[in-house]
Each structure stands twice: as C-alpha cells, then as structure tokens.
2 protein chains.
Amino acid sequence: MSTRIAKQRSAMRKEPQQARSRATVETIVQAGARVLSDEGWSGFTTNRIAELAGVSIGSLYQYFPDKLSLVDAIRHRHLDDSITVMRKVRADGLPPAEFAAQLVQAMVAAHSVYPGLHRVLLDEAPSSEEYRDPNSEFEIEYLSYYAEAVATYRKRSPNAAYHVAGRMISDAIDGVIHNAARRGAIDDLAMQRELVRLIALYLGETG
Amino acid sequence: MSTRIAKQRSAMRKEPQQARSRATVETIVQAGARVLSDEGWSGFTTNRIAELAGVSIGSLYQYFPDKLSLVDAIRHRHLDDSITVMRKVRADGLPPAEFAAQLVQAMVAAHSVYPGLHRVLLDEAPSSEEYRDPNSEFEIEYLSYYAEAVATYRKRSPNAAYHVAGRMISDAIDGVIHNAARRGAIDDLAMQRELVRLIALYLGETG
DNA sequence: TAAAAATGTGAGCAACTCTTCACATTTTCT
DNA sequence: AGAAAATGTGAAGAGTTGCTCACATTTTTA
C-alpha cells in the first residue's frame, strides 16, 4: 500500500516465499511496532516480540539477521507511511490557516495507530547509517516539503533561509505532537486548534 | 547553588559525611548525567557509570540503593536548574519579541551542558511517581509560567484556555530545542532567530 | 506418493546486567 | 597512639538478553 522510498540496507536473512511465512513476518513487524510504541526501546527484546507475535524466537531469526534489522524494517515502513500521508497535503492555493489545519490533521492521523512509535524511532532506537544520514532521501524530501510551504507563503522560491525556517517549524510541530502523544492526549481538540494557530501565524507572516 | 523544590522520595542509602565522600557522590552524579546525555538510557549501566566516574561499583552502591535512585538524583538536580533559569525571565513589561528572545536564550543555555539530558529524562528514563505526577510542584510551576506569559500578552488573567495554549507553545519550544540538541546544532543562531519569531508571533497575537 | 524445499521450534550458550558482601584503606575521635 | 567510624574495593551470584542450531513439521515439487 505504501511506496518504497529506498532499498533497505540490512536486508532480510531470507525472503519469505510462501503465504504462511509472509504472514509470520508481518505479525513480527507489527508486534515489534507495538512493543516499541508502548514500551520503548528498552522493552524491545527479541524474546518479548516473538512471544507477543505468537511465534518462536527461532522464527524471528529465520528472517531477521539481528535485532537492528528488525528495527530498520519497522522504521522503513513508518517513514513510508509518514511521507505518504504528508504528500497529500500541499500548500498551493490554500490560505495558511487551512493548510495548517490539514497538516495538523494529517500528523495526528499518522500518530494515532502507534502514538509512541515516531518518537522512539527518532530518539531511542539505534538506526543504521542509512537513516542517520541527514542527506537521506527521506530527510531531503521531508525538509523540502516544509521549506516549500514556507517559501509559498513568503512568496519567494525556496532557499537556504527557508530551509532553516522549515526545519524549525517542523521541529515545533513535532514537539507538540510528540508531547501530546506521551500524555495520551493526541486527540485533544483544544491543543490541535492552538497548534493550527501557531503554524498559520508563522506561515502567514510575510517576513 | 540551586533551590530544592521537593524532598526526594527514594533517599540516599547513606549520607556522605566527609569531604572525600561528598566529592565521590558528586563525581558519580556527574558521570551519570554525562552517560545519560551522551548514550541514553540504554547506555546508563551502573558499571559504566562507576568506571567513567573512576570509582568502584561498590562505592556507587554505598550511597545509592539502586539504579533508579541515581536517575532520580540526576533528574532532581536537572529540574532545579531548569526552574532556576526560567524564573529569571518574566514577561512583565517586555514586548513579546524581547521576552521570546530572552526565553530562547535561557533555554539554549540550560541545554548547553548536557544537550541530551532533558530529552532522555523526559522520554526514556523511568521515573519514580513523584516526577510522573502531572500535578507535581514542578509541572505546576512550569505550566503556570507559560500560561501566565500567554495571559499577559492576551491581557487577561490566566484561565484554562491559556493553560492549553501555554502547554502547546511550551511543547513547541521543547521540540525545537530538543531536535536541535539531537543534531548538535543547539547554537545555530539562524534557528534561534526563527524560534524567537515563532514565539513572538504567537504571543503577540491578541486572540 | 516420495523426495526436496520451506517453515517452525525452543533449550541453551555466551555475554551482559544489577547488586551484594567480605574485606582493605583512610579519616576521625579519644 | 590506638580504637572506632567512614569510605573504598572488586570478585561473584542471580537474572536477563541476543542469538544459534539440531531438529520437527508443513508445503511444494517431480
């Protein structure tokens, strides 16, 4: 359902071939995401994941060469989903307030399945080089997205200054969403309204 | 140097009495903060801390009954320092832009020693009840601080709506600072300027 | 249907974790 | 100075973790 962005570096040990094993891998990835979201990196133990997935620890290691490759698989999937959601909201033509409202709604939606996952993937879980790279395809597309939005409302073409502004507002949004998720208050409408106002004000200001 | 906010729950096992042992405890706490900031909760092992502090593991357990009590000591110290810094910046009389500038400067300063510490303490490290409590003295003072700032510029007295707004802008600032710290770019002046603009715009808007 | 390939299992090893405790050293007290 | 108190040490026990491997079961192939 989601567009793959880049080939995974630490590939799977063995590609599942039959429907049964593909289901097994799917179950493992989902169990991993659940554990990561609910209990953080320190709760992310291979035995725990296998237990929650209802498969033996041996099955997990049939397809994932080590713990890190499993995190990478989860991260890969999550980033794909995030980008997909974001691509749907574009600034063209929309007034700042409306763009902000749609963006916040998309962000909230992206965090409603595994509220803690994004934060844990970003902050706690170790990542392979591919994802630490500030010039990774994902980082570039993500940053450009915000820089473009800022440039649109500043009525200029994206430049270095707008990249700084884009990253800043992106980090601010991230902070609000992430702290709301931590308190289990991601659906707080009053909070969402204030966040929309914050974004709209910042973008609307013709600096 | 810092005002104690609340008595610690999980006290020390034994109070250091001589100058030598007080220095030992100090070294351990600092080593702990360093490890927590640099390597996160998963790197925070008692043996590692003792090694970095240059004392034996036995010495650590002479004063701290367990690992958690050491985290609590570090957290306690960090919260004291944060509040102390924040108390110095008040909104009274200052135009929004100037208040925002001082606030950002204070936040940057508070994160320049152990850039990752705040985030790890908030998100990764387990905490005793005292600190998880959303009605803890710290949380209340922290929230009131922002609610007051919002109310000041909205020219009304703090109420429930301003608490929501206060928390939102606080979380936004937190996100920017925290993501900058993660990239090692907490001193980026361009970023700081944009953050100041964001805060000033939001506070200046008479909703 | 029989062989081959794919998939699933879980006891257990090596490495690491937190913590204790019997003991050695240093400082303070009388 | 000698005794008592405070401080410092690190080997080792009990528990947990990532991961392997010899083997059992299921599915596909011929």
Side-chain angles (χ1 to χ4, degrees), chain A residues 10-36 38-75 120 124-128, chain B residues 10-32 35-36 38-75 120 124-128:
Chain A
S10 56
M12 303 191 70
R13 166 173 297 184
K14 190 203 290 181
E15 208 64 32
Q17 313 224 329
Q18 308 175 358
R20 181 166 59 124
S21 52
R22 255 175 274 130
T24 300
V25 169
E26 178 64 26
T27 312
I28 292 171
V29 171
Q30 279 180 20
R34 161 109 296 137
V35 171
L36 222 44
D38 291 354
E39 310 180 31
W41 173 247
S42 64
F44 191 79
T45 71
T46 50
N47 287 297
R48 172 97 181 73
I49 294 157
E51 187 199 346
L52 187 67
V55 303
S56 89
I57 180 65
S59 290
L60 191 156
Y61 280 95
Q62 286 261 324
Y63 302 100
F64 300 97
D66 52 28
K67 205 167 112 150
L68 241 148
S69 71
L70 177 53
V71 187
D72 261 14
I74 296 169
R75 192 190 310 270
V120 171
E124 294 191 44
S127 51
S128 60
Chain B
S10 56
M12 304 192 69
R13 166 172 295 185
K14 191 203 289 180
E15 209 64 32
Q17 314 223 329
Q18 308 175 357
R20 179 166 60 123
S21 53
R22 255 175 274 129
T24 299
V25 169
E26 178 63 26
T27 312
I28 292 170
V29 171
Q30 280 180 19
V35 171
L36 222 43
D38 290 354
E39 310 180 31
W41 173 248
S42 65
F44 190 79
T45 71
T46 50
N47 288 296
R48 173 95 182 76
I49 294 158
E51 186 199 347
L52 187 67
V55 303
S56 89
I57 181 64
S59 289
L60 191 156
Y61 280 94
Q62 287 261 323
Y63 303 100
F64 299 96
D66 52 29
K67 205 169 112 153
L68 242 147
S69 71
L70 176 53
V71 186
D72 261 15
I74 296 168
R75 192 191 310 269
V120 172
E124 293 191 46
S127 50
S128 59

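The structure displayed is predicted, hence computed values, not measured ones. Order of the sequence lines fixes the chain letters, A, B, ..., with proteins taken first and strands second; residue numbering starts at 1 for each chain.
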Worksheet item: Counting any heavy atom closer than 4.0 Å, what does B/R48 reach on the DNA or RNA strands: base, sugar-phosphate only, or nothing?
Response: nothing
Worksheet entry | Between P of C/dT17 and CG of B/L68, the distance in whole Å | 17 Å
Fill in: Distance in angstrom units between B/E51 CD and C/dC16 C1', rounded
14 Å
Worksheet entry | Non-hydrogen atoms of A/Y61 and A/T46 that approach each other most closely | OH-CG2, 3.1 Å
Worksheet item: What's the CZ-P distance between B/F44 and C/dT17, to the nearest Å?
Response: 13 Å
Practice prompt. Give the minimum heavy-atom separation between A/T45 and A/S42, together with the two atoms involved.
Written response: CG2-O, 4.1 Å
Item to complete: Under the side-chain contact (heavy atoms from CB on, under 4.5 Å) rule, what do A/M12 and A/F64 come out as? Steps first, then yes or no, please.
Response: CA-CA 5 Å; A/M12 303 191 70; A/F64 300 97; 3.9 Å; yes
Practice prompt. Mind listing the closest non-hydrogen atom pair of A/A125 and A/V71 along with its distance?
Written response: CB-CG1, 3.9 Å
Worksheet item: What is the minimum heavy-atom distance between A/S21 and A/P16, and which atoms define it?
Response: OG-CB, 3.4 Å
Discussion item. I need the NZ-P distance between B/K14 and C/dC21, as an integer number of Å.
Written reply: 14 Å
Fill in: Value in whole Å for how far the C1' atom of D/dT20 lies from OH of A/Y63
16 Å
Item to complete: Write down the distance between CG (A/L70) and C1' (D/dT17), rounded to a whole number of angstrom.
Response: 15 Å
Item to complete: When you get a sec, tell me which of C/dT7, D/dG18, C/dT17 is the closest nucleotide to the side chain of B/K67?
Response: C/dT17
Fill in: Stretch residues 18-29 of chain B: residues that reach within less than 4.0 Å of DNA chain C through a heavy atom
B/Q18, B/R20
Discussion item. Taking the side chain as everything from C-beta on, heavy atoms only, tell me whether B/T27 gets closer than 4.5 Å to B/Q30.
Written reply: no
Worksheet item: Run the side-chain contact (heavy atoms from CB on, under 4.5 Å) check on B/L70 and B/K67 step by step: do they pass?
Response: CA-CA 5 Å; B/L70 176 53; B/K67 205 169 112 153; 5.8 Å; no
Item to complete: Provide the closest heavy-atom pair for A/R22 versus A/Q17 in the form atom of the first, atom of the second, distance.
Response: NH2-O, 2.7 Å
Worksheet item: Using a cut-off of 4.0 Å on non-hydrogen atoms, how would the nucleic acid contact of B/F64 be classed: base, sugar-phosphate, or nothing?
Response: nothing
Fill in: Smallest separation among heavy atoms of A/S127 and A/R75, with atom names
CB-NH2, 3.0 Å
Worksheet item: By a strict heavy-atom criterion of less than 4.0 Å, which residues belonging to residues 55-62 of chain A are in contact with DNA chain C?
Response: A/V55, A/S56, A/I57, A/G58, A/S59, A/Q62
Worksheet entry | Closest listed nucleotide, where the reference is the side chain of B/N47 and the choices are C/dT19, D/dG18, C/dT7 | C/dT19
Discussion item. For a quick test of reading the model: is some side-chain N or O of A/R13 closer than 4.0 Å to OP1 or OP2 of D/dT20?
Written reply: yes
Worksheet item: Please give, in whole Å, the distance from C/dA6 C1' to A/E15 CD?
Response: 14 Å
Discussion item. Base, sugar-phosphate or nothing for A/T45? Non-hydrogen atoms, less than 4.0 Å.
Written reply: sugar-phosphate
